[in-house]
Amino acid sequence: MSVAAQDRIKLEPGWKKQMLPEFEQPYMQELRAFLSQRKKADAIIYPPRDQMFNAFNATPFDQVKVVILGQDPYHGAGQAHGLCFSVQAGVPIPPSLRNIYAELGTDLAFEAPDHGHLQAWAEQGVFLLNSVLTVENGNAGAHQGKGWERFTDAAVRALAEQREGIVFMLWGSYAHKKGQFIDRSKHCVLRSPHPSPLSAYRGFLGCRHFSKANAWLEEKGLGAVDWALPKTLD
């Protein structure tokens, strides 16, 4: 890859160092071609291009403390902005995030805000990564199997192998599989069902992952996450 091509990749420097080899792989070239083809076909793709790698840019590689894995971006207008489970300001809070807030309330006396914007978590070191980074309007899973999964597997593997002392919150069978290679002697792995209304009552509600994560981080001298969110957004 030429220097000019590398310069066009807008990633936080730590992540760029880790992920640059992936951009040179044939599967990423095929993914870029697919996205270009869909755009030429007038497909509406979420999130906007400048927010596609928001999870990486909001949480530098060497500052990741907690990893939360999602699957696909939301596929409604104005929702997705590159952080899993998070929606842009002014968008109704999705059902899974409502259950996350409910668990936080039980676990840490969290007061739910009137929004679903999780940028404040990302800025504290909570890496909010979807397995697939793009989707099409009204078509859930439209970009599954096109290469994003391999790219985000590489991101999780880089954290698992290059870093120590990270809490991985794996919610649902999809996340369980994605994190199956994480070394539990180096990291804390917390598993539960997905917070979706279809499965939250099977063990997500009551899992106490947030207090467990903070207790583990504090034990390691790494500092707890303040899970509180601004009550409202301007």
Side-chain angles (χ1 to χ4, degrees), residues 12-15 18 54-70 81-87 89 93-94 96-131 152 155-172 175-176 178-179 181-196 200 203-234:
E12 183 275 326
W15 276 115
Q18 296 293 330
N54 197 19
F56 297 85
N57 291 324
T59 312
F61 179 80
D62 63 0
Q63 295 177 27
V64 174
K65 299 169 76 168
V66 176
V67 176
I68 296 177
L69 296 176
H81 66 113
L83 304 180
C84 73
F85 294 107
S86 181
V87 290
I93 300 170
S96 291
L97 185 54
R98 287 195 178 278
N99 285 331
I100 292 170
Y101 284 177
E103 175 55 24
L104 271 163
T106 302
D107 192 14
L108 293 173
F110 169 88
E111 293 187 18
D114 63 4
H115 62 84
H117 195 262
L118 306 181
Q119 185 80 17
W121 291 357
E123 291 173 359
Q124 288 189 74
V126 181
F127 187 44
L128 297 166
L129 181 67
N130 275 316
S131 178
T152 54
V156 174
R157 192 175 295 276
L159 287 170
E161 294 180 355
Q162 303 296 325
R163 293 280 316 280
E164 290 188 21
I166 294 174
V167 178
F168 289 84
M169 295 184 180
L170 306 180
W171 300 337
H176 296 171
K178 199 168 187 70
F181 56 80
I182 297 166
D183 184 347
R184 286 158 171 77
S185 69
K186 292 171 58 177
H187 305 286
C188 175
V189 177
L190 302 173
R191 291 163 50 105
S192 81
H194 195 275
S196 159
F204 175 79
L205 295 174
C207 70
R208 305 189 73 87
H209 278 188
F210 303 97
S211 61
K212 289 177 180 177
N214 277 355
W216 192 87
L217 289 167
E218 288 181 323
E219 181 183 323
K220 300 290 184 182
L222 299 171
V225 173
D226 180 2
W227 295 100
L229 291 166
K231 192 66 177 173
T232 60
L233 293 177
D234 295 333

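Predicted model, so just to flag it, every value in this text is computed and none were measured.
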Inset, instruction - Could you tell me the separation between the CG atom of Leu159 and the NZ atom of Lys186, rounded to the nearest 0.5 Å? - result: 10.0 Å
Legend entry - Heavy-atom pair with the smallest gap, counting every atom of Leu83 and Ala55: CD2-CA, 3.5 Å
Inset, instruction - Looking only at non-hydrogen atoms, find the nearest pair between Leu190 and Ala213 and report the distance. - result: CD1-N, 4.1 Å
Inset, instruction - Mind telling me whether His117 and His81 have parallel, tilted or perpendicular rings, with 30° and 60° as the class edges? - result: parallel
Legend entry - Considering all heavy atoms, the nearest Ala102-Leu205 contact: CB-CD2, 4.3 Å
Legend entry - CA sep, side-chain torsions, deciding dist, call: Ile100, Trp227, side chain to side chain contact (heavy atoms under 4.5 Å, CB included): CA-CA 11 Å; Ile100 292 170; Trp227 295 100; over 6 Å; no
Legend entry - Stepwise side chain to side chain contact (heavy atoms under 4.5 Å, CB included) check, Lys178 with Thr152: CA-CA 9 Å; Lys178 199 168 187 70; Thr152 54; 2.9 Å; yes
Legend entry - Neighbour count >12 (heavy atoms, 6.0 Å) for atom CD, Glu111: no
Inset, instruction - Step through it carefully: locate the ring centre of Trp171, locate the ring centre of Phe85, and say whether they are under 6.0 Å apart. - result: yes
Inset, instruction - Return the minimal non-hydrogen interatomic distance between Ala155 and Leu129, and the atom names on each side. - result: CB-CD2, 4.4 Å
Inset, instruction - Go through the structure and list residues passing salt bridge (charged side-chain N to carboxylate O under 4.0 Å, His left out) with Glu161, not counting sequence neighbours. - result: Arg157
Inset, instruction - If the plane angle is over 60° it's perpendicular, under 30° parallel, otherwise tilted; pick one for Trp121 and Phe210. - result: tilted
Legend entry - Rounded distance (nearest 0.5 Å) linking atom NE2 of His176 with atom CG of Leu170: 6.0 Å
Inset, instruction - Find the distance between CG (Leu108) and CG (Asp226) and round it off to the nearest 0.5 Å. - result: 9.5 Å
Inset, instruction - List the steps and the verdict of side chain to side chain contact (heavy atoms under 4.5 Å, CB included) for Asn214 and Val225. - result: CA-CA 6 Å; Asn214 277 355; Val225 173; 3.7 Å; yes
Inset, instruction - Look up atom SG in Cys188 and atom CE in Met169, then write down how far apart they are to the nearest 0.5 Å. - result: 8.5 Å
Inset, instruction - Look only at the side chain of Ser192 and the backbone of Gly172, and say whether a donor-acceptor pair between them is shorter than 3.5 Å. - result: no
Legend entry - Heavy-atom pair of closest approach, residues Phe204 and His194: CB-O, 3.9 Å
Inset, instruction - Would you mind reporting whether Leu229 and Phe110 have side-chain heavy atoms less than 4.5 Å apart? - result: yes
Inset, instruction - Measure the spacing between CD1 of Ile182 and CD1 of Ile166 and express it to the nearest 0.5 Å. - result: 9.0 Å
Inset, instruction - Taking the six-membered ring for Trp and the single ring otherwise, decide whether the centroids of Phe127 and Phe56 are under 6.0 Å apart. - result: yes
Inset, instruction - Can you run down the salt bridge (charged side-chain N to carboxylate O under 4.0 Å, His left out) pairs that involve residues 208-217, sequence neighbours left out, and say none if there aren't any? - result: Asp107-Arg208
Inset, instruction - Quick one: do Leu118 and Leu97 satisfy side chain to side chain contact (heavy atoms under 4.5 Å, CB included)? Show the steps, please. - result: CA-CA 10 Å; Leu118 306 181; Leu97 185 54; 4.1 Å; yes
Inset, instruction - May I ask you to decide if Ala89's main-chain N or O and His115's side chain share a donor-acceptor pair within less than 3.5 Å? - result: no
Legend entry - Main-chain N/O of Thr59 paired with Glu12 side-chain donor or acceptor, under 3.5 Å: no
Legend entry - Inter-residue atom distance Trp15.CH2 - Gln63.CD, 0.5 Å rounding: 12.0 Å
Inset, instruction - Examine distances only and state if a side-chain atom of Lys65 and a backbone atom of Leu222 form a donor-acceptor pair shorter than 3.5 Å. - result: yes
Inset, instruction - Locate the shortest heavy-atom distance separating Asn99 from Pro195; write the atom from each residue and the value. - result: ND2-O, 2.7 Å
